[in-house]
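Beneath this line is the structure, given in structure tokens, with notes to follow.
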Amino acid sequence: MRYSQMFLPTGREIPADAEIISHQLMIRAGLIRKLTSGIYSYLPLGYRVIRNVERIIREEMNKAGAQEVHLPMVQPIELWQESGRSEHYGTLLLKFLDRNKHQYCLGPTHEEVITDLVRNDVKTYRQLPLNLYQIQTKFRDELRPRFGLMRCREFGMKDAYSFDVDEAGAEKSYARMFAAYKNIFRRCGLRFRPVEADSGSIGGKYSHEFLVMADAGEDAMVFCDKCDYAANLEKAEVAAPEKKNIVGESFLPLESVHTPDVRTIEEVCSFLQIQPQQIVKTLIFAADGQAIAVLIRGDQEVNEIKVKNYLGVSEIALADDDMIFKATGAPRGFAGAVKIKCRVLADYSVMNMINFVTGANQEDYHLKNVNIGRDCSVESFADLRVVEENDVCPRCGGAIQFARGIEVGHVFKLGTKYSKAMKALYLDRDGREKIMIMGCYGIGIGRTAAASVEQNHDENGIIWPMPLAPYQVIITPVNVNEQSVMAAADNIYQSLSALNIDVILDDRDERAGVKFKDADLIGIPVRITVGQKNLASGNVEIRIRKTAVTSLCALDKVAAEVHQIIKEELDAASGQD
RNA sequence: CGGGGCGUAGCGCAGCCUGGUAGCGCGCUUGCUUUGGGAGCAAGAUGUCGCAGGUUCAAAUCCUGCCGCCCCGACCA
């Protein structure tokens, strides 16, 4: 393609509303433009990158035995009522009426549609297993879209759904997708890590997220130095401590102290001259509307997701003042387990504590020397807190590290959540009706491209890994008015095109510096500079964007040389699992 | 939804406090010079100052309401 013909608006200025580097560069490099909050247009260069991601996904999905379908984006609300997610998905669902006042929604995901499709046409174990996928535009009315393609409302997604006759089959499908995902992201040139994750509102038994390592990522992860344990921060386990034998003699007498207007951990510490580790924090949660107290050591944080999963409830949030008062008889800031009027759970961090401080369930009073067993009781001890720096790996006891990542893929083992609710049944070998076992597997397309930019850039712009590059080569004739230069550039252009290489010929009548800057900004992996001086000795210059290494190459060898460079880059990225 | 910020030329911004001819840089157009890392000079074009009311002789500027966008939080595959 001739640059002068391309719709490729590049910009020097950093757009004011772009916070992270990938967002800034994708706009500056003319890949995307925002239409409105969380909704973007892909320009020609951006769309070529998207199509490259999609191509890699298609190849690996097909190789893994999945078949491509294309499901509707507009879905009748009844399907969502049937699965029970119409309520639960809440405001993320964009609902609207047609002319007959029939309610529809824009598909934020397609479990319902695919389950409906399969239940109608799959009747016997002979038709299973089945894995169907699509690449579709999804719409989720995000509370807060942000960071360009990172969190959009409208976004491209590959979603796959597997249907199996039994657990063993479902495991196999899951493992196959897991392996395919590793291949996909490796081929995209990303540094990533699969981590254990919470399955959230989609439900299911367990799941893994594929996180691309990047400081701008919205997810925090924990991983072990020694073994391959890695988990999303919200999922990361804390090993249960050993239960110490506490003898009653060490208990000091319970004491009530006047603590006027002393509420927070810091205030209690400075007022009583103690450390947070001597306090037991009592948080009151509303779990599906019921008050639940959670005890935790004063210096640590409750992980609400762990509490939610432990209780098996669908909604959890910190209680409001009203509920706190009903449970404790006191305003916020003075809760404690002694004589509290609700269920009490405790994090492991509290298990071996004695003579601790808590709120007194009475305004302006705290209790000293509280002891579980003597003064209050706990329904059970469990892992309910957020993992922290000093913790060790729950699997092997090794040291753990923290990192941030961008969630580009998520695989879920759904079990029968949807197949049961929507009656996706089949007849087994013995003629008995059984429920299909499902899995679902998503990849954010635009987010994958953005993650790549986040990982591969420098101060001059994007550095596309070869497999995602919108064009693999850019030819830069230094002076288009010099006939010999243009003729040579044209010649190389023809040779490379003949080898099926995607190449831009920068035929603009611009100064060399401008063209170099644009080539760097848009991140084309290989640049061939054609200048008068080198041409005089029959040479052109090959420059590698990533390394900035520049070498001279004879005119008649340049096509073969560049072809080889591209092949090596692609091969290096495509090691399979 | 709570808190904060912003809305002026395609992009980045000043002007607003203290009302009185709408500006700067980049980009764009034309010409001349220049030509290996975002050139120089000259001449140009481009605005419902987010929208709607109000105050005033006069509103980008003051007041009220609304809309949009961004950030933090809450929430979320």
Side-chain angles (χ1 to χ4, degrees), chain A residues 9-20 23-24 27-28 30 33-39 85 88-93 107-111 138-148 150-153 155-159 197-204 207-211 218-219 232 234 304-305 308 315-318 320 406-412 414 440-447 459-461 476-482 485 506 508-522 527-535 540-541 543 545 548 550 552:
Chain A
T10 58
R12 196 195 305 219
E13 310 269 6
I14 297 171
D17 57 2
E19 195 78 1
I20 63 171
H23 187 193
Q24 295 171 356
I27 290 170
R28 286 188 52 211
R33 287 292 182 265
K34 181 171 70 187
L35 178 63
T36 184
S37 178
I39 300 182
R85 285 209 293 182
H88 193 239
Y89 231 84
T91 51
L92 276 182
L93 261 190
T109 176
H110 284 72
E111 282 81 13
K138 310 286 193 196
F139 193 94
R140 296 181 186 172
D141 199 358
E142 288 286 344
L143 298 164
R144 187 142 102 82
R146 57 182 135 186
F147 301 149
M150 209 72 96
R151 179 168 294 274
C152 286
R153 296 197 291 169
F155 61 101
M157 181 174 174
K158 186 284 303 177
D159 47 326
D198 185 69
S199 50
S201 75
I202 205 157
S207 77
H208 287 86
E209 286 172 343
F210 286 77
L211 298 186
E218 293 186 286
D219 288 87
N232 191 303
E234 64 186 29
E304 290 190 17
I305 290 167
K308 181 180 164 189
E315 293 284 343
I316 195 157
L318 280 171
D320 58 22
I406 299 163
E407 181 193 354
V408 290
H410 203 154
V411 293
F412 299 85
L414 290 177
C440 76
Y441 318 93
I443 292 178
I445 311 273
R447 200 184 263 191
E459 66 280 5
N460 293 314
T476 308
V478 165
N479 184 348
V480 296
N481 298 314
E482 194 61 47
V485 168
D506 193 348
R508 294 175 301 166
D509 186 7
E510 287 284 356
R511 297 168 64 86
V514 172
K515 299 202 209 185
F516 293 154
K517 286 289 183 189
D518 273 334
D520 284 353
L521 177 61
I522 65 178
R527 187 180 87 205
I528 301 172
T529 312
V530 184
Q532 219 167 345
K533 279 180 209 145
N534 288 321
L535 206 53
V540 295
E541 213 174 83
R543 183 185 166 96
R545 173 70 178 89
T550 305
L552 283 183

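We name chains A, B, ... by the order of the sequence lines, and we start the count at 1 in each one.
Contact annotation: side chain of A:R527 to base of B:G37, donor-acceptor pair present below 3.5 Å. No hydrogens or angles were tested; on distance alone, nothing pairs the side chain of A:N479 with the base of B:G36 as donor and acceptor under 3.5 Å. Between the side chain of A:E541 and the base of B:G36 there is at least one donor-acceptor pair of N/O atoms closer than 3.5 Å. One donor-acceptor pair, N or O on each side, does fall under 3.5 Å between the base of B:G37 and the side chain of A:R543.
Nucleotides B:G3 and B:C62 have their C1' atoms positioned 26 Å apart, rounded to a whole Å. Between B:U56 and B:U48, the two P atoms lie 29 Å apart (nearest whole Å).
The closest donor-acceptor contact from the side chain of A:R28 to the backbone of A:L521 lies at 3.5 Å or more, if one exists at all. A side-chain donor-acceptor contact under 3.5 Å links A:R33 to the backbone of A:I27.
In this structure, B:G7 and B:C67 make a Watson-Crick or G-U wobble pair, each of the two defining distances being under 3.5 angstrom. Checking B:C24 for Watson-Crick or G-U wobble geometry (two distances, each under 3.5 Å) identifies B:G12 as its partner.
Comparing B:A77, B:C11, B:G38 by their nearest atom to the side chain of A:E13 picks out B:C11. With distances taken from any side-chain atom of A:R151 to the nucleotides B:G38, B:C76, B:C71, the minimum falls on B:C76. Listed candidates were B:C72, B:C75, B:C70. Nearest to the side chain of A:D17 is B:C70. In this structure, of B:G36, B:A39, B:A77, it is B:A39 that holds the atom nearest to the side chain of A:V514. Each of B:G36, B:C13, B:C70 was ranked by its minimum atom distance to the side chain of A:A512; first place goes to B:G36. Taking the side chain of A:E142 as heavy atoms from C-beta on, and the options B:C76, B:G27, B:G12, the nearest nucleotide is B:C76. Checking B:A77, B:G12, B:G37 against the side-chain heavy atoms of A:P15 singles out B:G12 as nearest. If you check B:G36, B:C11, B:C70 against the side chain of A:S37, the one that comes closest is B:C70. With B:C75, B:C76, B:G38 as the candidates, the nucleotide lying closest to the side chain of A:E304 is B:C75. The A:T529 side chain lies nearest to B:G36 when the options are B:A74, B:G36, B:G25.
At the heavy-atom level, A:N534 lies under 4.0 Å from base atoms of the strands shown. When heavy atoms are screened at a 4.0 angstrom cut-off, A:Y441 is found touching no nucleic acid atom at all. Note on A:N481: nothing from the nucleic acid sits closer than 4.0 angstrom, heavy atoms only. Counting non-hydrogen atoms under 4.0 angstrom, A:E19 reaches the backbone sugars and phosphates but no base. Nucleic acid contact for A:L92: sugar-phosphate only, since backbone atoms but no base atoms lie under 4.0 Å from a heavy atom of the residue. Residue contacts shown for A:G531 include a base, since a base heavy atom lies under 4.0 Å away. Counting any heavy atom pair closer than 4.0 Å across all strands shown, A:N460 reaches no nucleic acid atom.
For the pair A:R527 and A:F516, the cation sits on the ring face: its NZ or CZ lies under 6.0 Å from the ring centre, inside 45° of the axis.
If you look at A:F412 and A:H410, their ring centroids are closer than 6.0 Å.
The distance between atom CD1 of A:I14 and atom C1' of B:C11, rounded to the nearest whole Å, is 12 Å.
Along RNA chain B, the nucleotide closest to A:K34 and the one closest to A:R28 are compared, and the more 5′ of them pairs with A:R28.
Side-chain contact of A:D518 with A:T10: a donor-acceptor pair under 3.5 Å is present, judged by distance alone.
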